[in-house]
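Scope of the values below: all heavy atoms of this structure, side chains included, with no hydrogens, waters or symmetry mates.
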Amino acid sequence: MLFGGGIIFSIINPVWVNTPPPMTLGVVLGVGFIIIFGTILAYVCFTQSLQYVSPTVAGLLDVFEPLAATLGAVLFLNTTFNWAETLGAILTVSTVFILAIHKKSVPSEKL
C-alpha cells in the first residue's frame, strides 16, 4: 500500500515540484508516536486479544472500530457523511457478517 499509494500520489502531487515540509523535532516525534503507538502497539494488542476472544469476535470489533470513529466524527465534529460513505460502511459490515457465518460441513462421500 505504501508503494502503490506513493506512486499514485506522486502522479497527483509530484514531490519534486513542491518543497518538502521542514523536519523538526516535533514532526519526527509525532510520526514516531503514530508509528509506535498507533500501529505497532495497536497490532500487538489486537493479536494478543485473540487469546481471550474468538477470531470472529475480534474481526467484528476490528471492523466496527473505524465505523464508530466515523460515526463519532459525524456526531461530534459535524463532518459530512454522504451516500457513498454510507454504502461503503454497509458493505464493510455485511462482508464481515457473511464471513462470520458458519457453513455446515458436508460429509465426504465414501468411495
(Q) Other residues, nucleotides and ligands only: do more than 12 of their heavy atoms fall within 6.0 Å of CZ on Phe9? (A)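 Count not over threshold, so no.
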Which distance, rounded to the nearest 0.5 Å, do you find between the SG of Cys45 and the CD1 of Ile40?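 Here the interatomic distance stands at 12.0 Å.
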**Item:** Separation of Leu75 CG from Thr70 OG1 (nearest 0.5 Å)
**Value:**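 Reported value, rounded in 0.5 Å steps: 11.0 Å.
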Using every non-hydrogen atom in the two residues, find where [X] and [Y] come nearest and quote the distance to one decimal.
X	Y	answer
Val27	Pro22	CG2-O, 3.9 Å
Pro55	Leu50	CA-CD2, 4.0 Å
Thr39	Ile35	CB-O, 3.3 Å

- Query: With the 4.5 Å side-chain cut-off for hydrophobic clustering, are Ile36 and Ile34 part of the same group?
  - Reply: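 In one cluster with Ile36: Ile34, no.
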- Query: Does one hydrophobic cluster hold both Leu41 and Val31, with members joined at side-chain heavy-atom distances below 4.5 Å?
  - Reply: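 Leu41 does not cluster with Val31.
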May I ask you to decide if Asn82's main-chain N or O and Glu85's side chain share a donor-acceptor pair within less than 3.5 Å?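 Yes.
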Next on the checklist: Is there a side-chain contact between Thr24 and Val28 in this structure, where contact means two heavy atoms from C-beta onward sitting under 4.5 Å apart?
Outcome noted: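 No, every pair of side-chain atoms sits at 4.5 Å or beyond.
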Fill in: Residues that Phe37 engages under ring-ring contact (aromatic ring centres under 6.0 Å, His included), provided they are two or more places apart
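Partners of Phe37 under the ring-ring contact (aromatic ring centres under 6.0 Å, His included) test: Phe33.
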Would you sort out whether Leu71 and Leu67 count as a side-chain contact (heavy atoms from CB on, under 4.5 Å), showing the intermediate values? CA-CA 6 Å; Leu71 186 62; Leu67 292 175; over 6 Å; no
